Amino acid sequence: MYEVLVADSISNEGLAPLLEASNVNLTRKKVTEVEDLLHTYDALLVRSATTVTEDLLDKMKNLKIVARAGVGVDNIDIEASTKRGVVVINAPNGNTISTAEHTFAMMASLVRHIPQGNISVKSREWNRSAFVGTELNRKHLGIVGFGRIGSELAKRAKAFNMTVHVYDPFLTTSRAEKLGVDLLSLDDLLAVADIITVHTPLTKDTKGLLNRETLAKTKKGVYLLNCARGGIIDEEALAHYLEIGHVQGAAIDVFEVEPPTDNPLLNFDQVITTPHLGASTKEAQLNVAEDVAYDVLRFLEGNPVSSSINLPTLSKDVFEKIQPFTSLTKQLGAVLSQCMKEPVQDISVTYAGTVADLETTYITRSLLSGFLTHRIDRSVNEVNASMIAKERGITFGEKISDNTQGYANIIEVVVKGESRTFSITGTYIKDYGPRVINIDSFDIDFYPEGHLLYIRHTDQPGVIGNVGKALGDLDINIATMQVGRKQKGGEAIMMLTFDRLIEDATIESLKQASEIVTIQRIEL
Ligand SMILES: NC(=O)C1=CN([C@@H]2O[C@H](COP(=O)(O)OP(=O)(O)OC[C@H]3O[C@@H](n4cnc5c(N)ncnc54)[C@H](O)[C@@H]3O)[C@@H](O)[C@H]2O)C=CC1
Ligand SMILES: O=C(O)C(=O)COP(=O)(O)O
């Protein structure tokens with residue numbers, strides 16, 4: 001049974017896939033209400049109210065996935081989640097329209113003083129001259145951050161005959177042209193726009209993007225909107241420019257601290273606000289809840305997620321295709337890690353044949369996770385493997401080759417240590433499964449699973465028999481035995497598999513024979 005904690009207000013109807021799943025036990029409680037049970041949950045679902053800190057992740061020892069029913073993941077410590085191998089997903093598409101519509105509504109309200117007019121009338125005033133507004137028609141709108149929401153907003157602004165200028169360092173000129181907007185530098189946008197609205201994520205680059213210095217470049221009388229994240233427009237700087245009358249008004253849906261209490265922006269009549277309502281529509285909430293509910297269920301049942309922040313996103317079809325190879329590389333990594341006892345500096349993987357056309361970065365992550373699992377005492381998986389490898393100073397890289405050595409596919413891994421290198425080559429044969437076909441330059445053929453002994457010895461008569469007899473005398477049954485050598489009378493190898501773990505004492509006694517060079521136990 002999977003334990004799922006829904007910590008924020010998420011649509012019940014949208015959660016139906018999880019509520020109806022017979023293998024899921026869903027709890028709807030705030031994190032603070034289940035302090036004692038935090039270690040039991042497999043999945044955590046949040047919106048923007050819950051902050052997923054490193055401390056919370058430490059308490060949630062069993063956590064495998066954090067799902068954000070919405071877009072912004074700035075309330076989730078992604079690095080800490082990744083370090084712990086916790087997948088973070090979001091629902092990037094479900095609330096785009098609602099947020100674009102809300103921004104548009106805020107913009108229209110702002111320039112026509114609708115909230116102020118409303119308050120005035122309800123105060124039994126009839127002060128029409130105090131609320132003379134401005135048309136949107138023929139005004140210049142500057143959109144900072146031209147992704148899903150920014151581009152939906154642009155369509156609506158164009159329908160109101162506005163000229164749309166955008167600033168987005170990741171937007172190509174051809175896409176801007178196709179969408180009928182004017183792509184500018186930030187400075188040029190600030191200089192030309194009558195109304196500026198931000199639609200970037202909150203990152204270290206966008207925090208305070210509009211600050212005292214950049215806001216000074218705007219037109220006198222400019223209107224500003226923030227329906228993205230508190231802090232993209234620096235609140236103190238905005239308050240300053242409102243105070244001196246440079247900024248004519250602002251519409252704010254999001255705040256640096258939510259709910260805002262002593263926020264200076266709340267003191268201005270020309271600032272209109274909403275309590276982070278961009279995504280608060282029935283439609284958006286149903287969409288995002290459904291998106292994450294399906295994704296969490298898929299993930300818990302071992303399937304790929306459709307929108308991950310810290311894992312490459314794979315379709316079900318691609319995931320199924322790569323699965324045999326991810327299992328193979330996990331095993332290859334585990335064999336390598338146990339055979340190569342010294343610190344490792346570099347891991348290099350070469351893919352050839354059918355596997356080379358697949359999502360090899362994911363397959364390499366599985367290799368690293370198989371390798372690192374045997375070296376460190378924390379859980380390693382495809383989410384955190386590359387980060388842990390980097391932390392430990394292990395470089396890694398991939399190559400594609402067309403030398404398949406006669407197989408449909410092969411994966412060769414070379415590990416470089418301080419004093420030597422070690423290599424392993426595997427293949428996946430349809431209907432037969434994974435095979436290791438070369439180990440440390442010895443051709444061999446074994447199935448990488450179970451309890452193994454990797455023995456290096458001199459190629460001379462009687463060695464195989466002696467090993468068999470020694471094990472037989474100890475009542476140890478050899479399940480399979482593969483041998484390989486490079487040349488007659490030179491060094492040779494044996495790969496033995498057993499039905500149970502072989503004790504240290506047995507290995508020590510086998511090592512006594514002079515023809516045995518090394519023995520390595522491998523547990524897969
Ligand atoms: N008020 C609310 O309830 C909601 C707020 N949001 C906020 O809106 C943000 C944007 O959402 P989407 O449009 O769906 O995201 P998106 O990822 O589709 O678009 C973000 C755009 O910002 C651009 N960008 C990134 N760094 C930038 C920089 N330094 N300068 C300029 N542009 C930059 C990106 O290239 C991208 O095109 C979210 O990250 C979230 O924080 C989203 C939904 C609801
Ligand atoms: O999706 C987003 O990024 C939002 O800001 C929406 O936030 P919410 O889910 O309404 O708390």
Side-chain angles (χ1 to χ4, degrees), residues 6-11 14 45-52 66-76 78 88-107 142-156 165-172 175-176 179 181 183-190 196-211 214 225-233 251-256 258-260 273-292 307 309 313:
V6 178
D8 288 337
S9 158
I10 298 181
S11 153
L45 274 66
V46 298
R47 281 174 64 190
S48 58
T50 299
T51 306
V52 182
V66 178
R68 172 25 168 146
V71 186
V73 286
D74 45 288
N75 55 324
I76 299 169
I78 305 293
V88 180
I89 63 164
N90 69 348
N93 300 305
N95 63 26
T96 304
I97 300 295
S98 290
T99 311
E101 285 185 0
H102 188 74
T103 310
F104 196 88
M106 290 288 264
M107 178 165 69
I143 301 182
V144 177
F146 200 64
R148 288 172 293 257
I149 296 168
S151 50
E152 283 299 330
L153 178 68
K155 285 187 203 163
R156 286 148 182 82
H165 311 275
V166 304
Y167 165 67
D168 188 322
F170 306 105
L171 183 72
T172 60
R175 182 157 163 76
L179 296 170
V181 293
L183 181 59
L184 296 178
S185 67
L186 180 60
D187 280 1
D188 287 348
L189 178 144
L190 296 175
I196 299 170
T197 180
V198 293
H199 296 283
T200 68
L202 178 67
T203 63
K204 61 177 181 5
D205 294 331
T206 62
K207 190 167 167 39
L209 186 64
L210 297 192
N211 53 35
T214 46
L225 289 98
N226 187 354
C227 293
R229 270 303 172 275
I232 299 172
I233 305 179
I252 309 290
D253 182 46
V254 285
F255 299 84
E256 284 176 25
E258 292 180 0
T273 62
T274 41
H276 200 147
L277 290 185
S280 292
T281 62
K282 288 189 196 108
E283 294 86 349
Q285 286 313 308
L286 178 61
N287 292 340
V288 294
E290 248 177 13
D291 289 350
V292 292
S307 183
I309 305 295
T313 298

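Every number for a ligand or one of its atoms is a count from 1 in the order of the listing. It should be emphasised that the depicted structure is a prediction, and the values quoted were computed from it without experimental measurement.
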For the residue pair [X] and [Y], what are the closest heavy atoms and their distance?
| X | Y | answer |
| --- | --- | --- |
| I10 | A289 | CG2-CB, 3.5 Å |
| G70 | N90 | O-CB, 3.3 Å |
| A284 | T281 | N-OG1, 3.0 Å |
| F146 | D168 | N-OD2, 2.7 Å |
| A69 | V288 | O-CG2, 3.6 Å |

Which option out of P201, S280, G230 puts a heavy atom nearest to atom 39 (O) of ligand 1?
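Considering heavy atoms of P201, S280, G230, the nearest to atom 39 (O) of ligand 1 sits in P201.
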
Nearest candidate to atom 16 (P) of ligand 1, where distance is taken over non-hydrogen atoms, out of K204, R148, R175
R148

Contact atoms of ligand 1, heavy-atom distance to [X] under 4.0 Å:
| X | value |
| --- | --- |
| Y167 | 30 (N), 31 (C) |
| H276 | 1 (N), 2 (C), 3 (O) |
| P169 | 28 (C), 30 (N), 31 (C), 32 (N), 33 (C) |

Using a distance-only test with no angle check, is there a side-chain donor-acceptor pair under 3.5 angstrom linking N211 and T214?
yes

Do N75 and S48 have side-chain atoms, one donor and one acceptor, less than 3.5 Å apart?
no

Minimum-distance protein heavy atom relative to [atom]:
| atom | result |
| --- | --- |
| atom 1 (O) of ligand 2 | V71 N, 2.6 Å |
| atom 10 (C) of ligand 1 | H199 O, 3.5 Å |
| atom 3 (O) of ligand 2 | G72 N, 2.7 Å |
| atom 4 (C) of ligand 2 | R68 NH2, 3.1 Å |
| atom 7 (C) of ligand 1 | A228 O, 3.5 Å |
| atom 28 (C) of ligand 1 | T206 CG2, 3.7 Å |
| atom 26 (N) of ligand 1 | F170 CE1, 3.6 Å |
| atom 10 (O) of ligand 2 | R47 NH2, 2.7 Å |
| atom 38 (C) of ligand 1 | V71 CG1, 3.8 Å |
| atom 9 (C) of ligand 1 | T200 O, 3.6 Å |
| atom 23 (C) of ligand 1 | D168 OD2, 3.2 Å |
| atom 4 (C) of ligand 1 | T99 CG2, 3.7 Å |

Tell me, do [X] and [Y] make a side-chain contact under 4.5 Å, heavy atoms counted?
| X | Y | answer |
| --- | --- | --- |
| L171 | V166 | yes |
| C227 | M107 | no |
| Y167 | L184 | no |
| L277 | D253 | yes |

Less than 4.0 angstrom from a charged side-chain N to a carboxylate O is my criterion; do R156 and E152 meet it?
yes

Of the backbone atoms (N, CA, C, O) and the side-chain heavy atoms from C-beta on, which set of V254 has a member under 4.0 Å from an atom of ligand 2: side chain, backbone, both, or neither?
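Neither part.
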
Looking only at heavy atoms, is any part of S48 under 4.0 Å from ligand 2, and if so is it the side chain, the backbone, or both, or is it neither?
both

Which of the atoms of ligand 2 are close to G70, meaning less than 4.0 Å from one of its heavy atoms?
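Atoms satisfying the 4.0 Å criterion: 1 (O).
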
Atom indices of ligand 2 within 4.0 angstrom of R229 heavy atoms, with elements:
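Every atom of ligand 2 under 4.0 Å from some heavy atom of R229: 2 (C), 3 (O), 4 (C), 5 (O).
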
At under 4.0 Å between heavy atoms, is it the side chain or the backbone of I149 that contacts ligand 1, or both, or neither?
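I149 to ligand 1: contacts from backbone and side chain alike.
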
Could you see which bit of R229 sits under 4.0 Å from ligand 1, with heavy atoms only: side chain, backbone, both or neither?
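Within the 4.0 Å criterion, R229 contacts ligand 1 through side-chain atoms alone.
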
Say whether C227, considering both its backbone and side-chain N or O atoms, lies within less than 3.5 Å of an N or O atom on ligand 1.
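Yes, there is a polar N/O contact under 3.5 Å.
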
Based purely on interatomic distance, does P92 place a nitrogen or oxygen under 3.5 Å from a nitrogen or oxygen of ligand 1?
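No, no N or O pair falls under 3.5 Å.
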
Checking R229, K207, R68 against D74 for salt bridge (charged side-chain N to carboxylate O under 4.0 Å, His left out), the one that qualifies is R229

Close approach of N95 to ligand 1, heavy atoms, under 4.0 angstrom
yes

Within the side chain of T172, is there an N or O that forms a donor-acceptor pair under 3.5 Å with the backbone of R175?
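A pair under 3.5 Å: yes.
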
Would N287 and N93 count as a side-chain contact (heavy atoms from CB on, under 4.5 Å) if you check the C-alpha gap in whole Å, the side-chain angles of each, and the deciding distance to 0.1 Å?
CA-CA 8 Å; N287 292 340; N93 300 305; over 6 Å; no

